[in-house]
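Written out below as structure tokens is the structure these notes cover.
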Amino acid sequence: MAPSTRSVNFIRQIIDHDLETGMHRQIVTRFPPEPNGYLHIGHAKSIWLNFGIKDDYGGQCMLRFDDTNPEKENQEYLDAIEEDVRWLGYAWTRITHASDYFDQFHDYAVNLIEQGLAYVDSQTPDQIRSNRGTLSEPGTDSPYRNRSTRENRKLFHDMKAGKFPDGTHVLRARIDMSAANLNLRDPVLYRIRHHEHPRTGNRWCIYPMYDFAHGQADAIEGVTHSLCTMEFEDHRALYDWFIEHLPVPSRPRQIEFSRLNLNHTVMSKRMLTLLIEQEYVSGWDDPRLPTLAGLRRRGYPPESIRNFIGAVGITRKNNLIDVGLLENCVRETLDPVAPRTMAVLDPLKVVIENYPEGQFETLEVPNHPGNPDMGTRKITLGREVYIERDDYMDDPPKKYFRLGPDREVRLRYAFIIRCTGIVRDASGRVQELRCRYDPDTRGGNAPSGRKVRGIIHWVSVQHCINAEARLYDRLFSSPDPLSGDRVFTESINPASLESRHQCKLEPGLGQPAADTRYQFERKGYFYPDRDSRPGHPVFNRIVTLRDTWARISRQRIT
RNA sequence: UGGGGUGUAGCCAAGUGGACCAAGGCACCGGGUUUUGAUCCCGGCAUUCGGAGGUUCGAAUCCUCCCACCCCAGCCA
């Protein structure tokens, strides 16, 4: 982005101000995922924001696992999250866990009890709910709200000691049951959960709620700006209440921004989990998913995701961003660096009748037309080649520049050929093309001065390798699958994955370079999948090239 | 009918009362270059900022009212 167009998002403006006024000397942020699922591109926004601030301001950023609910969290997720953050290109100052501070949180809770600001409530969950009131009516005080400090201290101690079953008591803050902000109606601080925790094992049977853990963890870590998404805005009053009433070591400030929404996909962990469990997709790293693991497997370079987030920006507005913008970001990062190669995804055999049988010739071609530094490679041409099936039409429409009966086209980097015959199978389907080539048109321009508009890619029948290509498209046909009253899985795009098993590739692709995304000329960017086996390469299509012809032919139809 | 937010082009998004008859990106529409219908390049794309009033010499920016959309009633985060 040019300097003149660069603007600073509202959070950085706040930080700049806090630095100028001397409120802070160093900025500390944190990225606080709950380890109950894999990270997706929405998290990338938060990661980009928090770690980006750390990097640009010479500050600190913690990777903090918000592990306050042992029933949903596990080690697999902890590991995956670390890997994804690292892959995205960020380094944390420290890894921490909310559970690192369980002792401290407990002491804070006792502190509130001593101040008369917390009490043990022994109502049932149903009673608590119905006594909370509604959006427009105040709640009702719990009959246990006025227990003595002594009694509360004892009960809380017994909760901690494991003397009660789950759900029998909770510790609540004593704030205001008639507050307009529901979060202030005596929120639950601790609940009993006889459940093993991935890190603290069986040491605890009471676990703090998010609201009671998050801000205090921020304060303990010296977080200066606690950045979270808009749905926590109503919680800020509670966040501040704890900070004010507890002897915390610092005073963090919560600032909210809006989460990222992408069209033609779903982002919520609940929906992603459902797609995986019901096997609509193959797992958390299915290349159709917006998870970081999925995007990584698909072939998205981390840089392209960072650029995308930067392009989208940080605001407080609801948004639904066009996935086309993401696709544009990959193309933009891949175009200058991806080595070119020719690959035929849907092969149609062409026999060049006037090319001598058994004869081959080698052509030296550039790996990147715009960057000679990327070198050249040698490819082989012979009498038989494969071309793309849709580079031939029996009855070509206007503006179709490719092959048709008695039409000419250039084989990229090689000769001009003319289609002189069509071989069909019993059903009439084109099985093979017979062509003649003009030996004077090798490589450069035609001596006759003849211009051929169409250039198509090809591969030598005798020299290509067979491969599988997985062509991905958006997972949902609907731009906003969760809207409307249909079940969201009904709008899953049946063509979101198309596997082609008979692709013909240049032989060099048998051993693809490590971590390299290739451009299959005219077809898109491709990345080797981990399902590849010796003799059976598998490539994922990251994204197609921009395709003006597809647009023109679409217009013709509509 | 309670509280909290947000409204600038099809999608994002700058703009923080005066050089705004409003940046930039994506998309879209032209045109040029091109042995990828790719890339690249040039041009077009809001007399108007959710609406209506008002303050001011001057308003997208301030005030008033109205409208629309989003979030909140887990012992989830």
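In what follows, every heavy atom counts, from backbone to side chain, and hydrogens, waters and symmetry copies are set aside. Order of the sequence lines sets the chain letters (A, B, ...), proteins ahead of strands, with each chain counted from 1.
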Please encode protein proximity along nucleotides 66-71 of chain B as a string of B, S and -, counting only heavy-atom distances under 4.0 Å.
----SB
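Between the side chain of A/Arg402 and the base of B/G37 there is at least one donor-acceptor pair of N/O atoms closer than 3.5 Å. For A/His457 against B/A38, a side-chain-to-base donor-acceptor contact under 3.5 Å is absent.
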Review item, nucleotides 29-33 of chain B N/O atoms under 3.5 Å of protein N/O:
| residue | atom | partner | partner atom | Å |
| --- | --- | --- | --- | --- |
| B/C29 | OP1 | A/Gln555 | NE2 | 2.8 |

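Checked against the 6.0 Å centroid criterion, the rings of A/Tyr300 and A/Phe308 do not qualify as a close aromatic pair. A/Phe156 and A/His169 have their aromatic ring centers separated by at least 6.0 angstrom.
Atom NE2 of A/His194 sits in a crowded spot, with more than 12 heavy atoms from other residues, nucleotides or ligands closer than 6.0 Å. A/Arg412 CZ: more than 12 foreign heavy atoms inside a 6.0 Å radius.
OP1 or OP2 of B/A13 sits under 4.0 Å from a side-chain N or O of A/Thr315. Between A/Gln254 and B/G4, a side-chain N or O to OP1/OP2 separation shorter than 4.0 Å is absent.
Mapping A/Asn181 and A/Phe520 onto RNA chain B by nearest heavy atom places A/Asn181 at the nucleotide closer to the 5' end. In terms of position along RNA chain B, the nucleotide closest to A/Arg522 lies nearer the 5' end than the nucleotide closest to the other residue of the pair A/Gln123 and A/Arg522.
When only modelled atom types and interatomic distance are considered, A/Asn131 and A/Gln123 share a side-chain donor-acceptor pair under 3.5 Å.
Using a 90° window around 0 for the glycosidic torsion, B/G4 falls outside it and is classed as anti.
Between B/C63 and B/C70, the two C1' atoms lie 26 Å apart (nearest whole Å).
When heavy atoms are screened at a 4.0 angstrom cut-off, A/Glu71 is found touching no nucleic acid atom at all.
By the criterion of a centre-to-centre distance under 5.5 Å and near-parallel planes under 30°, the ring of A/Tyr210 forms no stack with the base of B/A77.
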